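Have a look at the structure below, then the notes.
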Amino acid sequence: MTKFVFVTGGVVSSLGKGIASASLAAILESRGLKVTLIKLDPYLNVDPGTMSPFQHGEVFVTDDGAETDLDLGHYERFIETRMGKVNNFTTGQIYKSVLEKERRGDYLGKTVQVIPHVTNEIQEFVLRAAAATEVDVAIVEIGGTVGDIESLPFLEAVRQMSLKLGPNNTAFVHLSYVPWIAAAGELKTKPTQHTAQKLREIGIQADALLCRADRPIPQEERSKISLFSNVPEWGVISMWDVDTVYKVPRMLHEQGLDGLICDRLRLNTPPANLKRWDDLVYETGHPQSEVNIAMVGKYVDLSDSYKSLNEAIRHAGMHNHARVKIGYIDSETITPENVGQLGKFDAVLVPGGFGKRGIEGKICAARFARENKVPYLGICLGMQVATIEFARHVAHLADANSTEFEPDTPNPVIALITEWKDKDGTIKTRDENSDLGGTMRLGAQSSDVAPDTLAHSIYGDVVTERHRHRYEANVNYLDTLRRSGLVISALTQREHLTEIVELPAATHPWFMGVQFHPEFKSTPWSGHPLFNAFIAAALRHRDQAAPDHPAAVANLKVVA
């Protein structure tokens with residue numbers, strides 16, 4: 001029988017429930033238990049797929065094509081179990097399911113209410129996710145903050161679950177905030193006292209309190225929290241700021257969180273073995289070299305917008321025994337006149353994204369990297385802008401563009417499949433009223449890799465990666481691009497959709513664009529082969545003492 005740990009949060013959001021949940025899962029996994037994680041999000045969106053990165057950070061994509069909360073990325077980077085559609089659901093999905101049942105008559109004419117119908121639906125979703133893989137423990141993270149009206153149905157549902165499942169089958173972990181008041185020169189425990197009290201009012205008694213602070217919490221404050229929250233002192237655990245999240249499993253283990261949970265759930269396991277985590281932390285703290293990467297994007301003010309990408313770059317740095325410094329550059333600020341600032345970096349990366357804003361700056365960055373032989377990696381949209389740039393300046397299609405940015409462009413080298421030219425020469429038109437949710441190419445897909453290419457040296461014969469995009473490289477332009485020197489090193493077999501483009505080794509040391517999102521499969525243990533190769537190329541470029549490129553910068557022209 002699967003046992004459950006419910007993780008809640010209080011006082012403020014963004015305290016790190018995802019990292020705390022993933023770290024607890026990692027420690028339990030090191031004890032020989034099979035663990036999965038489930039994220040419950042209280043917003044009404046069906047999924048985060050249509051939400052702005054400014055609102056909710058990145059959208060993480062699973063192998064089975066689910067657009068999920070970014071915390072699922074933390075889960076996959078911390079434990080062996082892979083996540084799927086069942087591991088993340090929202091209030092929107094719950095109400096959608098309940099209303100569909102009501103319309104079908106499944107409730108036999110009953111008045112449909114939050115209790116029991118919505119709470120029962122939540123419990124069914126949780127149990128279904130736990131049953132998707134045979135696990136010993138399912139850790140269920142409830143988004144939001146205790147006291148918010150949005151999360152009340154979820155909290156009531158898990159309270160009922162703990163009653164139904166009986167003793168020793170559930171545990172509750174509550175994450176709170178203990179602020180340091182500089183003017184008073186002390187930590188204040190009152191917010192944590194109040195959030196624990198609010199949780200008890202709902203009917204949930206925390207078994208462990210994880211207390212976030214900018215410093216370790218002294219014993220005196222922990223004793224005070226214990227007294228007022230009705231949690232034993234050994235259950236009041238300090239979580240202070242650290243320079244890498246990979247230190248958190250050791251931090252929680254040394255304060256006995258995993259032992260407390262195993263005792264509460266009556267799990268008899270071997271001791272935790274955190275050697276792999278200790279080795280990882282050592283590697284992060286003892287790099288042998290340093291490399292600088294320019295990330296040219298439009299969400300540079302929010303690191304959560306590129307969370308998986310940032311982690312994948314750091315993983316590759318560890319694999320190459322190097323500290324990677326990422327310079328975030330707003331693509332809206334890049335022009336042909338100032339693009340030379342990229343010359344101080346060892347490589348250029350253009351990440352994925354949607355919309356026209358900042359596109360010409362990304363195209364300038366791709367051109368600079370191509371002409372000056374700076375290692376370049378374009379991901380999703382980054383591949384598309386590299387293709388547009390090549391079409392304009394090498395294949396002499398001066399007005400080449402994507403229909404996402406210029407719907408009437410005469411040379412749509414990037415377009416929706418429904419917009420590609422028919423045999424009679426007409427262009428299919430898009431439906432402007434179509435829903436954006438669920439209209440993308442999503443999830444893991446495979447394609448063959450051409451031999452004797454850079455992609456083949458990285459992936460071998462077949463590449464299988466996760467996708468999240470609508471627009472594709474237009475098949476009608478591939479021959480023109482090939483004749484001009486662009487290498488299409490991976491295509492899907494059936495639709496001939498471009499997966500990887502690159503430049504020949506004879507013309508550029510390392511230049512690649514990929515239509516998929518490899519960052520979603522990177523782990524700290526081995527990195528990802530594509531990012532490992534990219535950082536290795538950046539290190540080689542750095543060591544070759546790349547010359548200044550004033551002539552190349554001067555030759556760049558504004559594209560009309």
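Note that these values count all heavy atoms, side chains included, but never hydrogens, waters or copies made by symmetry. Because the structure is a prediction, the values reported are computed rather than measured.
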Exercise. Who passes side-chain contact (heavy atoms from CB on, under 4.5 Å) against Val158, sequence neighbours left out?
Worked result: Phe6, Ile142, Phe172, Ile204
Exercise. With sequence neighbours left out, what residues match Lys3 under side chain to side chain donor-acceptor pair (under 3.5 Å)?
Worked result: Asn169
Seminar exercise, completed: side-chain contact (heavy atoms from CB on, under 4.5 Å) filter on Arg103, not counting sequence neighbours, yields none
For this session: Check side-chain contact (heavy atoms from CB on, under 4.5 Å) between Gln123 and all other residues, then give those that pass, not counting sequence neighbours.
Result: Thr119, Asn120, Ala157, Gln160, Met161, Lys164
Problem set entry | Counterpart residues, side-chain contact (heavy atoms from CB on, under 4.5 Å), relative to Asp263 (two or more places apart) | none
For this session: Starting at CD of Glu58, measure out to OG1 of Thr68 and round the result to the nearest 0.5 Å.
Result: 8.5 Å
Seminar exercise, completed: Contacts satisfying salt bridge (Lys or Arg N to Asp or Glu O under 4.0 Å) that involve residues 76-95 (not counting sequence neighbours) are Glu76-Arg82, Glu76-Arg466, Glu80-Arg276
Exercise. What residue pairs, at least two apart or across chains, pass ring pair (Phe, Tyr, Trp, His ring centres under 6.0 Å) with a residue in residues 82-105?
Worked result: Phe89-Phe125
For this session: Only counting residues at least two apart or in another chain, list the ones meeting ring-ring contact (aromatic ring centres under 6.0 Å, His included) with Tyr75.
Result: none
For this session: List in chain and number order the residues that pass side chain to side chain donor-acceptor pair (under 3.5 Å) with Thr36, two or more places apart in sequence or in another chain; answer none if no residue qualifies.
Result: Asn87
Exercise. Can you list every pair that meets ring pair (Phe, Tyr, Trp, His ring centres under 6.0 Å) and has a residue in residues 104-123, with sequence neighbours left out?
Worked result: Tyr107-His117
For this session: Mind jotting down which residue pairs meet the salt bridge (Lys or Arg N to Asp or Glu O under 4.0 Å) criterion with at least one end in residues 137-149? Sequence neighbours excluded, please.
Result: Lys39-Glu141
Exercise. Between Ser402 and Gln384, is any side-chain donor less than 3.5 angstrom from a side-chain acceptor?
Worked result: no
Seminar exercise, completed: Thr387 meets the side chain to side chain donor-acceptor pair (under 3.5 Å) criterion, sequence neighbours left out, with none
